[in-house]
Amino acid sequence: MTLTDKLPPEVAAAHWSKTRGLMWTTLAIWAVFSFLIHIFVTSLNSVVILGFPLGFYMAAQGSLIIFVVLIFWFSSRQNAIDEEFGVAED
């Protein structure tokens, strides 16, 4: 039995609605930095920052940095949602 099973159905639905919205937002950000950036890598290479083509940098390092930041951001937002509905873990 999970903590959300103890919630009234309308509160559980609101919790899931916010969680689902966060999930879709996170998935959209992931998709942009996984696919769209790499699709346009050759056109991004015309921009040079600190001697490196932007497309190369985003493919090699930029996306990885975004993914790590995305994990921490998602965890923080999900914890805030759980606290709002009283189902946060200690």
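Residue numbers count from 1 along this sequence.
The distance from atom CG of L27 to atom OG of S34, rounded to the nearest 0.5 Å, is 9.0 Å. A distance of 11.5 Å separates CD1 in I81 from CZ in R20, rounded to the nearest 0.5 Å. Taken to the nearest 0.5 Å, the CD1 atom of I71 stands 10.5 Å off from the OG1 atom of T26.
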Using side-chain contact (heavy atoms from CB on, under 4.5 Å), reason through F35 and W30 one step at a time and then give a plain yes or no.
CA-CA 8 Å; F35 300 111; W30 172 84; 3.7 Å; yes

Please report the C-alpha distance between E89 and D82 in whole Å, then the side-chain angles of each, then the deciding distance to 0.1 Å, and finally whether the side-chain contact (heavy atoms from CB on, under 4.5 Å) criterion is met.
CA-CA 8 Å; E89 298 176 357; D82 290 347; over 6 Å; no

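Checked against salt bridge (charged side-chain N to carboxylate O under 4.0 Å, His left out), E83 has no partners two or more places apart in sequence or in another chain.
Across all their heavy atoms, A88 and N79 have their closest contact at CB-OD1, 4.2 Å.
Annotation: ring pair (Phe, Tyr, Trp, His ring centres under 6.0 Å) contacts involving residues 68-90, sequence neighbours excluded, comprise H15-F85.
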Only pairs under 3.5 Å count here: list side-chain donor-acceptor contacts from residues 45-70, not counting sequence neighbours, and write none if there are none.
{"unit_1": "N45", "atom_1": "OD1", "unit_2": "G55", "atom_2": "N", "d": "3.2"}
{"unit_1": "N45", "atom_1": "OD1", "unit_2": "F56", "atom_2": "N", "d": "3.0"}
{"unit_1": "N45", "atom_1": "ND2", "unit_2": "V41", "atom_2": "O", "d": "3.4"}
{"unit_1": "S46", "atom_1": "OG", "unit_2": "S43", "atom_2": "O", "d": "2.9"}
{"unit_1": "S63", "atom_1": "OG", "unit_2": "F33", "atom_2": "O", "d": "2.9"}
{"unit_1": "S63", "atom_1": "OG", "unit_2": "M58", "atom_2": "O", "d": "3.1"}

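L22 and V32 fall within a single hydrophobic cluster, where Ile, Leu, Val, Met, Phe, Trp and Tyr side chains are chained together by heavy-atom contacts under 4.5 Å. If you chain together hydrophobic residues whose side chains sit under 4.5 Å apart, W16 and W24 never meet in one group.
A distance-only check finds no donor-acceptor pair linking the side chain of S17 to the backbone of A13 [under 3.5 Å].
Residues Q78 and M23 are not in side-chain contact: their nearest non-hydrogen atoms beyond the backbone lie 4.5 Å or more apart.
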